[in-house]
Each structure stands twice: as C-alpha cells, then as structure tokens.
S.K.: 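The structure follows.
Atoms considered below: every heavy atom in the structure, side chains included; atoms not considered: hydrogens, waters and symmetry mates.
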Amino acid sequence: MLKDMPWLTAPRARLYVSGVAIVLVLTLARSLLLFYRDGGYGANNFLLGSDFLTFWAASLQVLAGHPAEVYVPELHLLAEAPYLREGYEAFFYPPTMLLVCLPLALAPYFASLFVFIGMTAASFAAVIWRILRTPWCLVAILAYAPVYLNAVAGQNAFLTASILGCGLNIMDRRPKLAGAILGLMVIKPHLALAVPIALIVTGRWRTLIWAGMSSISLVVLSALLFGLDTWLNFLDVSHSARQALENGDVEFSLLQSVYATARLLGAGVNTAFIIHGLVALGMTCVLIWMLRQKITAATERSIIVLTCLLVTPFCLFYDMLIMALPLAWMLREWLRVGFPAWSKMVLGVTFLAPMVFYLPVLYQLSVVKPLPFGSPVIILFCWLLVRESTQTRQAAHSEREVATV
C-alpha cells in the first residue's frame, strides 16, 4: 500500500494539495489579522517577522555610518529597541549579508518586512516555476508549510533557496553564470558547504572558479563599503554563534540538524558533535559516491542540496524551505519516467512533515514543543535516491549481460 500508493493519482494529489493550501492560507490570514489587531505583536510579545528585526536594525546601524557596531550586541540591541519588547535577535551573519540588509531601514520596519518577504518569495516562486513549469506549482507552494514558517519568522530562506535553485539549475547550460550565482551563498555560507565539493568531484571547474570569484568579490566589496573593522568585529563575535549552539540559546527544537536531535535525546555537547560529524562525513561520502555514478541531473542537484542541509549543525526550521528544491526536481523527473517504489510515500512525508511537526506551534495551535523533522526527512530522502540509483544501475548491468549472452 505505501510502497507504490497507486491510489495517489495526479488528480487526487492536486485535490489534496489544494485543500491544504486553502487551510494554510486561511490560517495565515487569521494570524495576520491577530497581529494587526495587536499592533504587530502576538502571544508572549512575539513580533511579526521577529528574525527580520536583526536585518532591519543592522541596516539602521550601517545607514547611520556605524557598520562595525552591528557586531557589538549591546549596540545592536539598542537599534532593535524601538520594536523589540523582550529578548535579543543576534546578528551572526558575515558582513557580506550587510550588502543585502543595506537598504532595509530606508522604510519603517513593517513596510520593509513585507517588501523583503514579497520580493524574495517572488524569486523563490520563479525558481520553482522554472523547475516544474506548471501553474499547479503555485498551489503546491501555498500548501508547503516552510513557506509560512519563513514568512512569519521574517527570515531569508526564500533568498537562499532561490540562489541554490537557480545556480544548480543552470550549471550545465551556463556554467559561468551558475558559478556567479552560487557564489552569492557567501551571505550564508554554512548552507552551501557541499557545493564546492560537488563542483570539484564533477569537474565543473569553470563553475567553481566563477563561484570563487563571485564570493571573493562580495567579501572585498563588503570590506570596502563597511571597513575592515566590521570584518574584525565579525570574526571576534563569531565564537558567540558556537556558544549559542552549545548552550541551547537557540532552542534545539528550532534546529533541524543531527546535532540538535542528539541534544534533544539527551546527548552532551561533545557527543552530539561527534554524532553529527560522523553523519556529516558519511553523507559527504555518499555525495561523492553518487556524483561519480551515472545519475540524472535531477538526482545530482537533489543530492547536493540534501548534503548541504545535513552537514551543517546550524540548520533552522525555516531553512527547510530549501527542501522544496529536491521535491520539485524529483517530482518532475518521476512524472516523466514513472514513480519508483516508495517515492510517493517519501515525497508525501517530506512535504507534510513541517506542517505536522512544526506549523501548529507557530500559530499557537499546540502546547507541545515542535519536534525536529529535518534530519530524519533528509536522510529518508537520501535513502530513496541512493536506492533508486543503485537499482537502476543494477538493472542496466543485467540488461547488458543478457544482451551479451
């Protein structure tokens, strides 16, 4: 029943997805009305798009001529003070991210938030449209819970997903442009650690060189615009990100990495890092092995993205929006050649897991803490790709042997 799921036909899938999209859109509308009624704040003084506040405050400091102060927590907190009622939204991004943040404080906070989310969401939708090339992809986007997780949090996953999706999509047709686009991930480099490995293994040297040139150019530009002091302050404060990870300052239930899952299960800091390191090493080996086989372009791009998400210990719930890329690539591939065993089940679990395990908490519909769904879903998806690739090669080998006989 679950292996092939013959009952899940295309018309039924569209019907189910449409139903989920309607429910999620109505839920978001209700949530936005509540935020509007309370002046942009929800339960426990939660600010709408609270993570965006750190970007907006950074822009405020840069436009005031004090970019290095972005990495002084006390001063950055003062910039957030007009909107932040409690806590502190830290800025752990490299100064290259300040290039994106620069114009944000030209508008008031809420106006800037809606413009930023709207523009980055449009770029994300364009990338998914380019992959699936059907109007139904827009309905699927509205039914995908991480879209709402990212929007309500005010985060930048629409942007990072767009960069990775666009760059990997065109790396065979336009390798130089693909490299220049992938180099933009220097704004959030821990989510692209597998990309240079993949480019080296597959011998895409032009893409790798252009990616390096793009990254270095952004680093140099940020140093010229914001000064070396900004970079020095960033390097000085970057250890705070590791401390936040180790001390649980960012709740482990918000993280989606193997490290966070191990910590939630009771492992200590060192044990959790060892477990995460072993899984990351194993996943990197799987990536290299897969890329050295004869696999489809969709499988190749998907395994790269899955590795990027699994190897970093600092992968948060909104970053799982990037999982839309392998979902879209493999859905289009399997619609063309047929769905292998377990594929519909894995696609369904991957698509629905964020809604089941996290979305109710975001909308205050559950009193239970969210469960990290990221690493189990990524590993499950990787298992399917490896299984399908192995079986395809075995079938091809058997056919050659029969032909030889």
Side-chain angles (χ1 to χ4, degrees), residues 20-21 23-25 27-29 31-32 35 40 42 46-56 89-93 97 100-101 104 109-110 112-129 131 137-166 184-185 187-188 190-192 250-251 253-257 260 305 308-309 312 314-328 350-365 370 372-374 377-378:
V20 172
V23 170
L24 293 186
V25 168
T27 304
L28 176 66
S31 180
L32 291 177
F35 274 114
F46 177 80
L47 174 66
L48 177 63
S50 59
D51 286 6
F52 179 77
L53 182 58
T54 191
F55 308 144
W56 186 87
E89 298 295 337
F91 192 90
F92 290 136
Y93 298 86
M97 184 62 184
V100 176
C101 298
L104 297 179
Y109 171 78
F110 289 109
S112 185
L113 168 65
F114 285 114
V115 170
F116 177 78
I117 292 297
M119 291 181 64
T120 55
S123 68
F124 170 74
V127 169
I128 300 300
W129 176 285
I131 296 172
C137 75
L138 300 179
V139 179
I141 288 172
L142 293 176
Y144 191 43
V147 167
Y148 303 90
L149 299 176
N150 181 75
V152 174
Q155 263 294 340
N156 52 33
F158 286 135
L159 179 59
T160 52
S162 300
I163 293 171
L164 285 171
C166 184
L184 300 179
M185 282 301 294
I187 65 173
K188 207 167 181 179
H190 65 281
L191 289 179
V250 179
E251 291 186 33
S253 59
L254 303 181
L255 293 162
Q256 302 301 313
S257 63
V305 168
C308 286
L309 291 174
T312 175
F314 210 84
C315 177
L316 280 112
F317 62 94
Y318 46 79
D319 292 319
M320 295 306 294
L321 178 79
I322 298 173
M323 280 295 293
L325 297 174
L327 278 170
T350 303
F351 190 85
L352 294 175
M355 182 175 67
V356 173
F357 292 109
Y358 206 97
L359 203 63
V361 181
L362 181 69
Y363 288 128
Q364 291 89 45
L365 301 176
F373 58 88
V377 164
I378 295 169

S.K.: Applying side chain to side chain contact (heavy atoms under 4.5 Å, CB included), name anything that partners A140, two or more places apart in sequence or on another chain.
M.R.: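 Side chain to side chain contact (heavy atoms under 4.5 Å, CB included) check on A140 returns V17.
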
S.K.: Hey, what do you get for OG1 (T350) to CE (M323), rounding to the nearest 0.5 Å?
M.R.: 4.5 Å

S.K.: Looking at T27, is its backbone amide N or carbonyl O close enough to the side chain of S31 to form a donor-acceptor pair, meaning the two atoms are under 3.5 Å apart?
M.R.: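 The answer is no, because no donor-acceptor pair under 3.5 Å joins these two groups.
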
S.K.: Could you go through V115 and F110, starting from their C-alpha distance and side-chain angles, then the distance that decides it, and tell me whether this counts as side-chain contact (heavy atoms from CB on, under 4.5 Å)?
M.R.: CA-CA 9 Å; V115 170; F110 289 109; over 6 Å; no

S.K.: To check you understand the geometry: which heavy-atom pair defines the closest contact between F124 and A161, and what is its length?
M.R.: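 The answer is CD1-CB, 3.8 Å.
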
S.K.: Rounded to the nearest 0.5 Å, what separates atom CZ in F317 from atom SG in C315?
M.R.: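 The CZ atom of F317 sits 11.0 Å away from the SG atom of C315.
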
S.K.: Just to verify, which of I322, I128, L325, V127 counts as forming a side-chain contact (heavy atoms from CB on, under 4.5 Å) with S162?
M.R.: V127

S.K.: With a 6.0 Å cut-off on ring centres, are Y93 and F55 close enough?
M.R.: yes

S.K.: Compare every heavy atom of V100 with every heavy atom of L104, then report the nearest pair and how far apart it is.
M.R.: CG-O, 4.1 Å

S.K.: When you compare the side chain of L191 with that of F314, does any pair of heavy atoms fall below 4.5 Å?
M.R.: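 In short, these two side chains do not touch, never coming nearer than 4.5 Å.
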
S.K.: How long is the straight-line distance from SG of C101 back to CZ of F116, given to the nearest 0.5 Å?
M.R.: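 Those atoms lie 7.0 Å apart.
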
S.K.: Does D51 form a side-chain contact (heavy atoms from CB on, under 4.5 Å) with N156? I'd like the steps, not just the answer.
M.R.: CA-CA 9 Å; D51 286 6; N156 52 33; over 6 Å; no

S.K.: Quick check against the 3.5 Å criterion: does N150 have a side-chain atom that pairs as donor or acceptor with the backbone of A157?
M.R.: yes

S.K.: Which residues pass the side chain to side chain contact (heavy atoms under 4.5 Å, CB included) test with T54, not counting sequence neighbours?
M.R.: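 So T54 forms a side chain to side chain contact (heavy atoms under 4.5 Å, CB included) with H76, E80, E89, F91.
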
S.K.: Report the residues that fulfil side chain to side chain donor-acceptor pair (under 3.5 Å) with S257, sequence neighbours left out, ordered by chain and then residue number.
M.R.: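 Checked S257 against side chain to side chain donor-acceptor pair (under 3.5 Å); zero matches.
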
S.K.: Start with the C-alpha distance between D319 and K188, add both sets of side-chain angles, then the distance that settles side-chain contact (heavy atoms from CB on, under 4.5 Å), and finish with yes or no.
M.R.: CA-CA 11 Å; D319 292 319; K188 207 167 181 179; 3.1 Å; yes

S.K.: What closest approach, in Å, do M320 and G374 show between heavy atoms, and which atom pair accounts for it?
M.R.: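 So the two residues come closest at CE-CA, 3.6 Å.
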
S.K.: Once side chain to side chain contact (heavy atoms under 4.5 Å, CB included) is applied, do any residues pair with L352, and if so which ones, sequence neighbours excluded?
M.R.: M355

S.K.: Could you list the residues that satisfy side chain to side chain contact (heavy atoms under 4.5 Å, CB included) with Y109, not counting sequence neighbours?
M.R.: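 Counting only residues at least two positions away or on another chain, Y109 forms a side chain to side chain contact (heavy atoms under 4.5 Å, CB included) with L47, F52, L53, W56, Y83, L113.
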
S.K.: About how many Å separate SG of C308 and NE2 of H190, when rounded to the nearest 0.5 Å?
M.R.: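 Atom-to-atom, H190:NE2 and C308:SG are 11.0 Å apart.
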
S.K.: Has S123 got a side-chain atom pairing as donor or acceptor with T120's backbone, closer than 3.5 angstrom?
M.R.: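 Looks like yes, one N/O pair under 3.5 Å.
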
S.K.: Distance check, rounded to the nearest 0.5 Å: I378 atom CD1 versus F373 atom CZ?
M.R.: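 With rounding to 0.5 Å, CD1 (I378) is 9.0 Å from CZ (F373).
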
S.K.: So which atom in F158 and which in V147 form the shortest heavy-atom distance, rounded to 0.1 Å?
M.R.: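 Here F158 and V147 meet closest at CZ-O, 3.6 Å.
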
S.K.: Could you measure the distance from the CG atom of L254 to the CG atom of L316? Nearest 0.5 Å is fine.
M.R.: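 With rounding to 0.5 Å, CG (L254) is 6.5 Å from CG (L316).
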
S.K.: Residues two or more places apart in sequence or in another chain: which of them pass side chain to side chain donor-acceptor pair (under 3.5 Å) with Y318?
M.R.: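 For Y318, the residues satisfying side chain to side chain donor-acceptor pair (under 3.5 Å) (neighbours in sequence not counted) are Q155.
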
